[in-house]
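Convention: sequence-line order gives letters A, B, ...; per-chain numbering from 1.
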Protein chains: 2
Amino acid sequence: MCYSTRVIPFRLDFEPGIPIYEQVVYAAKRAVVSGQMRPGDTFPSVRELSRELKINPNTAHKVVLHLVSEGILEVRPGIGTLVAAPRVSAASERSRLVGRELEQLVVEALRLGLRLDDVAEALSDHWQKLNGASPRSKP
Amino acid sequence: MCYSTRVIPFRLDFEPGIPIYEQVVYAAKRAVVSGQMRPGDTFPSVRELSRELKINPNTAHKVVLHLVSEGILEVRPGIGTLVAAPRVSAASERSRLVGRELEQLVVEALRLGLRLDDVAEALSDHWQKLNGASPRSKP
DNA sequence: CACGTGTACTATAGCACATAGTACAGCGGT
DNA sequence: ACCGCTGTACTATGTGCTATAGTACACGTG
């Protein structure tokens, strides 16, 4: 009998103070938006996540539930979980990000004495790194 | 005898799911970086915060402790709490923001199908709104 | 049938949050 | 010295969340 223990496509060093399931959700999200995992790819099963990340299966299942509720994964009971095709996001979610979440980041940046140029440049760097060499937006 | 119940310089509608003290910390931070409260200004006392926001004095004190630990307030026992002069932030804090925090925002933006231009523009808008008409960084 | 998969459920422990109190020290004004 | 504000320390309680440890069942495929 041979085992096929596929390495999961993200690594995590859990940091204290943030729920474990949140960190895994984020790592999975990041793997998807960066193209490391693509629509149609199989997502690690609950038991596989549990084993590889050394977390409880219930916690692993919680991760999957979150990702499903965000439309990132879709479930096939008895078969597995797949990375879903991107779907059109809700306008409310988009405006929450460009509103509250961006404002919070700017408040923090101003508090730290950062400059807009520095933050804008870092934004662009992250964008290119995650979205590939050709960002979706073109000048 | 007349009361001088000074209105605190921020309003809050508490939203569920986020600790009350975190929301107040953020509102205070925002008031400071936007210039609504300036270095040397008196910050509302623990009892005043408690009364105005209808939160427990221990919770109000927790807010003050956080703001003090971030260098935003300084304490005068028996006198009150003042908005501190901005101090040079730690390089580790700055790189955490332009690193992890910005990356998380970009992951979220990509997931929602936002475009870099839209996010960059919203960044700039928030910056100008909070930092005044003349941002610290100049093109 | 076996082996993978997802899912539901109970139970327990620990931690964070928020509250409700009491009490004390410091400071400034009277 | 007293009063009224201030900050601060402490105990206690309740709630909710997180994470774990289990068990069990349904689904799909080979």
Engineer: Output the rounded distance in Å from CG (A:L49) to P (C:dG4).
Structural biologist: 16 Å
Engineer: Report the distance from atom CG of A:L53 to atom P of D:dT20, rounded to the nearest whole Å.
Structural biologist: 10 Å
Engineer: From CG of B:L12 over to P of C:dA18, roughly how many Å is that when rounded to an integer?
Structural biologist: 12 Å
Engineer: Using a 4.0 Å heavy-atom cut-off to protein, can you give one letter per nucleotide of nucleotides 5-10 of chain C, 5' to 3': B if the base is in contact, S if only the sugar-phosphate is, - if neither?
Structural biologist: BBB-B-
Engineer: Provide the full list of salt bridge (charged side-chain N to carboxylate O under 4.0 Å, His left out) pairs with a residue in residues 18-29 of chain A, sequence neighbours left out, each pair given once.
Structural biologist: A:K29-A:E70, A:K29-B:E108
Engineer: Quickly work out the A:I20 CD1 to D:dT18 C1' distance and round it to whole Å.
Structural biologist: 8 Å
Engineer: Tell me, which pairs form a ring-ring contact (aromatic ring centres under 6.0 Å, His included) where one or both residues lie in residues 84-115 of chain B, sequence neighbours left out?
Structural biologist: none
Engineer: Identify, with sequence neighbours excluded, every residue that meets side chain to side chain contact (heavy atoms under 4.5 Å, CB included) alongside A:A90.
Structural biologist: A:S92, A:E93
Engineer: Check ring-ring contact (aromatic ring centres under 6.0 Å, His included) between B:H61 and all other residues, then give those that pass, not counting sequence neighbours.
Structural biologist: none
Engineer: For C:dA18 and B:N56 - does any side-chain N or O of the residue sit under 4.0 Å from the phosphate oxygens OP1/OP2?
Structural biologist: no
Engineer: According to side-chain hydrogen bond (donor to acceptor under 3.5 Å, both in side chains), who are the partners of B:E103, at least two apart in sequence or on a separate chain?
Structural biologist: A:Y26, A:R30
Engineer: Please write out the pairs of protein N or O atoms and N or O atoms of nucleotides 14-17 of chain D separated by less than 3.5 Å, giving the distance to one decimal.
Structural biologist:
none

Engineer: Please find the pair of heavy atoms, one from A:V33 and one from B:V107, that lie closest to each other, and give the distance.
Structural biologist: CG1-O, 3.6 Å
Engineer: Any side-chain N or O of B:T59 below 4.0 angstrom from OP1/OP2 of C:dA18?
Structural biologist: no
Engineer: Once you round it to whole Å, what is the distance between P of C:dC17 and CD of B:E22?
Structural biologist: 7 Å
Engineer: Using distance only, find each side-chain donor-acceptor pair of residues 78-89 of chain A under 3.5 Å and give its atom names and separation, not counting sequence neighbours.
Structural biologist:
from  : atom 1 : to     : atom 2 : distance (Å)
A:S89 : OG     : A:R94  : NH1    : 2.9
A:S89 : OG     : B:L112 : O      : 2.7

Engineer: Suppose we screen for side-chain hydrogen bond (donor to acceptor under 3.5 Å, both in side chains). Which residues come up paired with A:N58, at least two apart in sequence or across chains?
Structural biologist: A:N56
